[in-house]
Colleague: 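Below: one structure in structure tokens.
Remember, it's 1-based here, ligands and their atoms both numbered in the order they're listed.
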Amino acid sequence: MDVRVRFAPSPTGYVHIGSLRTALYNYLYAKQNNGSYIIRIEDTDQTRLVEDAISGMLKSMAWAGVENDEGPYMTAEEEIVEKGAYGPYVQSDRLPIYKKHADELIENGNAYYCFCSKERLDAVREQQRSEGKTPKYDGHCRHLTQEEISAKLEAGEPHVVRLKLPENREIKFVDAIKGEVTVNTNDLDDQVLMKTDGFPTYHLAVVIDDHYMKISHVVRGDEWLISTPKHVYTYEAFGWEAPQFVHLPVILSQSKKKLSKREGDVAVEDFRKKGYLPEALVNYIALVGWSPEDGQEILSMSELIEKFSFERVSKSSGVFDVDKLNWVNNQYIRNYDLEALTKLCMPYFINAGFDADVQTVEWFQKIVSVLRERLNRLDEIGQYHGLFMDDDIVLEDEEAAEMIALEHVPEMLKVLIDKIEALESDITAADVKQVLKSIQKEMGVKGKGLFMPVRVAVTGQVHGPDIAEVIEIIGNKRVVKRINYTLAHYCKK
Ligand code: GLU
């Protein structure tokens, strides 16, 4: 069997992190099996259209590196075009197909016109609720005569088309994650298939499209599991074979609620802006609810493709753990190609006030190199602007003040200034080490008593990235200026 899977987003304007995982699992499964991964846009709910939603979605998917073989994609000129032999891939471009198939279901007795008004449906539901029953359509229009139907249609009465479920029948299917599912049709509603506006509902469109697009596995969030029996029956009504179903448990927030905007970032774009690397986000999200047999946690896309399996998708919901995501992102930041990482960091440098016209690329690279192991996200670079660019020193805390107050410090800092001023070229980290070594020899200070006051005099802080590297980046002039500042403001004369 050819593996053909699809990601079928509604155009909401952004990709939810949970949808990224759904798309990714589809993609991994397709690639593992030399299959095709398709994007189909499900825009049948015309009340929820968002402008430019498709391009926003495609940009996020391209950024994440989860790109489709068929369906809409964006050219280098940012034009949206379709590729693939099973289009159109946007549901609103497929209306005649749905109409034709809805008519077919009516003709073969598997669907019927329903003319009930909203008021009537509300009243029926209200009545059922007051009787303690689960609200469902009461089948009022199932029994209209052909004459009644024709007269209503001719009079132009607004109507929908409903699926005509048989009474008291067990519908069974096997889900790759949930196992066998059985539902009695008495517990199901006669689903609306075509709406009054002539658009199909999701439930009709999804069956028709998955069939004609030759989808082999429907891999989606388990919020759709309750709709699947109706879909299974619809396949049967058309005389088609249903695909295999794989319903993924939802991703929960740390407070065990549905991951929603109220609980923090949920859009892929939010994570991009904060400086998560696409490789890291994809790696992390793959691990929410799935893990490889060998327990490996840092996996490239090709490793994910090789190791992914539905059997190892957990049956219970995964929890979105930002700390773990940060750890994964940090692992990628540590090991990324320095040049490429620096490029990715540039917007954050500029945003933080660094001047790319004044400083060289090599200078920025040095900063990235010295900071990378401390960064969980690229936007954290902003916190280090002062470390490299300030002239004045602010002592961070009591500990810093204590270091500067040590008796030997003023003399030692003066010697340090002399030695830096004696250098004939730009100070390097190696120079710094050399200078400190000679101070150690000449003045007999060592260890903490040597390094800490120097660090505090130059940065105001007792902790921080490698001080020799930091001094190289700051440069001779500014370092001397800072030490003088410290001497003037914090050292006893
Ligand atoms: N359009 C649905 C959604 O946005 C997709 C459901 C499916 O994959 O069948 O969640």
Colleague: For atom 5 (C) of ligand 1, what's the nearest protein heavy atom and its distance?
Modeller: Ala8 O, 3.1 Å

Colleague: Applying side-chain hydrogen bond (donor to acceptor under 3.5 Å, both in side chains) between His247 and each of Lys178, Glu223, Arg220, report the one that passes.
Modeller: Arg220

Colleague: Can you find a pair of side-chain heavy atoms, one from Phe388 and one from Val370, that are under 4.5 Å apart?
Modeller: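 Sidechains of Val370 and Phe388: in contact.
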
Colleague: Specify the protein heavy atom at minimum distance from atom 1 (N) of ligand 1: its residue, its atom name, and the distance to 0.1 Å.
Modeller: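 Result for atom 1 (N) of ligand 1: Glu42 OE1, 2.6 Å.
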
Colleague: Using heavy-atom distances only, which candidate in His247, Arg6, Arg40, Glu223 approaches atom 8 (O) of ligand 1 most closely?
Modeller: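 Answer by nearest heavy atom: Arg6.
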
Colleague: Not counting sequence neighbours, which residues clear side chain to side chain contact (heavy atoms under 4.5 Å, CB included) with Val368? List them please.
Modeller: Leu338, Leu341, Thr342, Cys345, Phe349

Colleague: Tell me which pairs pass ring-ring contact (aromatic ring centres under 6.0 Å, His included) where either residue lies in residues 168-194, with sequence neighbours left out.
Modeller: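 The answer is Phe173-Phe245.
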
Colleague: For atom 6 (C) of ligand 1, what is the closest protein heavy atom, and at what distance to 0.1 Å?
Modeller: Tyr202 OH, 3.3 Å

Colleague: Side chain, backbone, both or neither: which applies to Phe7 and ligand 1 if a contact is any heavy-atom pair less than 4.0 Å apart?
Modeller: neither

Colleague: Tell me whether Asp93 contacts the main-chain N or O of Tyr89 through its side chain, where contact means a donor paired with an acceptor under 3.5 Å.
Modeller: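 Such a contact is absent between Asp93 side chain and Tyr89 backbone.
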
Colleague: For ligand 1, which atoms have a heavy atom of Val206 less than 4.0 angstrom away?
Modeller: 9 (O)

